[in-house]
Amino acid sequence: MTTNLKCAFSALSLSASVDQQTGSLSVFDVVDEIRAPQVPIHVQMLVLTLVWEKAVGAGHFDGRVFIHVLTPDGKQALIGNGELKIPAEQRRVKALFRLGGFPLLQFGSHRFVMSWVNAAGVKEGEDLIDFEVVQVAEG
């Protein structure tokens, strides 16, 4: 797969922000596991942060991004999608996807799959973020 757009950075966290004046990206409380005494639970906020970078000399990018979650039982669900546009003069774009009240129904390995397609609908790439939901004793 030849691509003009790649994911330069991705993270799952409890909070993140982009300073509007400086463009600085801050990611807080990175998540690799969530500990809970029981499921189901609703995590108040999860933030998927991605930074895409175009290849040198690439023109504008016009496409879409899709976000799926894969759960331990092997099921997959589309949890979000939207436009992904990067002007010709811009090399990088930062995106924060805030998932409020996110439901976790099972213990085990979870995976977010972020994929993007160009204007013709051809897949340009994908990025994976894995995390565990771990059972812990109450107390």
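Position 1 is the first residue of the sequence, and the numbers go up from there. The structure displayed is predicted, hence computed values, not measured ones.
- The side-chain heavy atoms of F28 and S13, taken from C-beta on, include no pair separated by under 4.5 Å.
- With hydrogens and angles left out, the side-chain atoms of S10 and D127 include a donor and acceptor closer than 3.5 Å.
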Using the rule given for side chain to side chain contact (heavy atoms under 4.5 Å, CB included), can you reason through F107 versus V133, listing the C-alpha separation, both sets of side-chain angles and the distance that settles it, and then say yes or no? CA-CA 5 Å; F107 291 112; V133 179; 3.8 Å; yes
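- Shown here for A8 and R92, the closest heavy-atom pair between the two residues is CB-NH2, 4.0 Å.
- Between L104 and H110, the closest side-chain pair of non-hydrogen atoms falls below 4.5 Å.
- Of the possible donor and acceptor atoms, none in the side chain of K123 sits under 3.5 Å from a partner among the backbone N and O of W116.
- C7 is not listed as a side-chain neighbour of M114, based on a closest heavy-atom distance of 4.5 Å or more.
- Here NE2 of H42 is found 12.5 Å from CG of L99. Values are rounded to the nearest 0.5 Å.
- Side-chain heavy atoms closer than 4.5 Å link hydrophobic residues (I, L, V, M, F, W, Y) into clusters, and following such links, even through other members, never connects I79 to F66.
- Neither L48 nor V27 shares a network with the other; the hydrophobic side chains, linked directly or stepwise wherever heavy atoms of I, L, V, M, F, W or Y lie under 4.5 Å apart, form separate groups for each.
- Under a hydrophobic-cluster definition in which Ile, Leu, Val, Met, Phe, Trp and Tyr are linked whenever side-chain heavy atoms come within less than 4.5 Å, directly or via other members, L5 and V51 are assigned to different clusters.
- V69 and V43 end up in the same hydrophobic cluster when Ile, Leu, Val, Met, Phe, Trp and Tyr side chains are linked at under 4.5 Å.
- For the 3.5 Å distance criterion, the side chains of D73 and Q106 qualify, holding a donor opposite an acceptor.
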Show your reasoning for whether side chain to side chain contact (heavy atoms under 4.5 Å, CB included) applies to V93 and L84. CA-CA 9 Å; V93 67; L84 178 59; 4.2 Å; yes
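- Taking all atoms of both residues into account, the shortest heavy-atom contact from S109 to P72 is O-CG, 3.2 Å.
- For the pair P87/F61, no side-chain contact is recorded, criterion being any heavy-atom separation below 4.5 Å from C-beta on.
- Contact annotation: the side chain of V113 never approaches that of I67 to less than 4.5 Å [non-hydrogen atoms, C-beta and beyond].
- Evaluation of the salt bridge (Lys or Arg N to Asp or Glu O under 4.0 Å) test over residues 58-72, restricted to residues two or more places apart or in two chains, returns D62-K85.
- Scanning all heavy atoms of the two residues, the minimum distance from T22 to D19 falls at N-OD1, 2.7 Å.
- Q135 contributes a side-chain N or O that, together with a main-chain N or O of P37, makes up a donor-acceptor pair within less than 3.5 Å.
- No side-chain heavy atom of W52 sits less than 4.5 Å from a side-chain heavy atom of F9.
- K54 places a side-chain N or O within 3.5 Å of a backbone atom of Q90 that can act as its donor or acceptor partner.
- The hydrophobic cluster containing L78 also contains V117, counting ILVMFWY residues as joined when their side-chain heavy atoms lie under 4.5 angstrom apart, directly or transitively.
- The stretch residues 94-122 participates, sequence neighbours left out, in these salt bridge (Lys or Arg N to Asp or Glu O under 4.0 Å) pairs: R111-D130.
- Distance CD/Q38 to CD/E138: 5.5 Å, rounded to 0.5 Å.
- In this structure a side-chain-to-backbone donor-acceptor pair under 3.5 Å is missing from R35 to V134.
- Between L105 and I41, every side-chain heavy-atom pair lies at or beyond the 4.5 Å cut-off.
- The side-chain heavy atoms of L12 and V47, taken from C-beta on, include no pair separated by under 4.5 Å.
- Taking each heavy atom of A58 and N4 in turn, the nearest pair found is CB-CB, 4.1 Å.
- Atoms CG and CD1, from L50 and I129 in turn, are 6.0 Å apart once rounded to the nearest 0.5 Å.
- Taking the six-membered ring for Trp, F112 and F97 have ring centres at least 6.0 Å apart.
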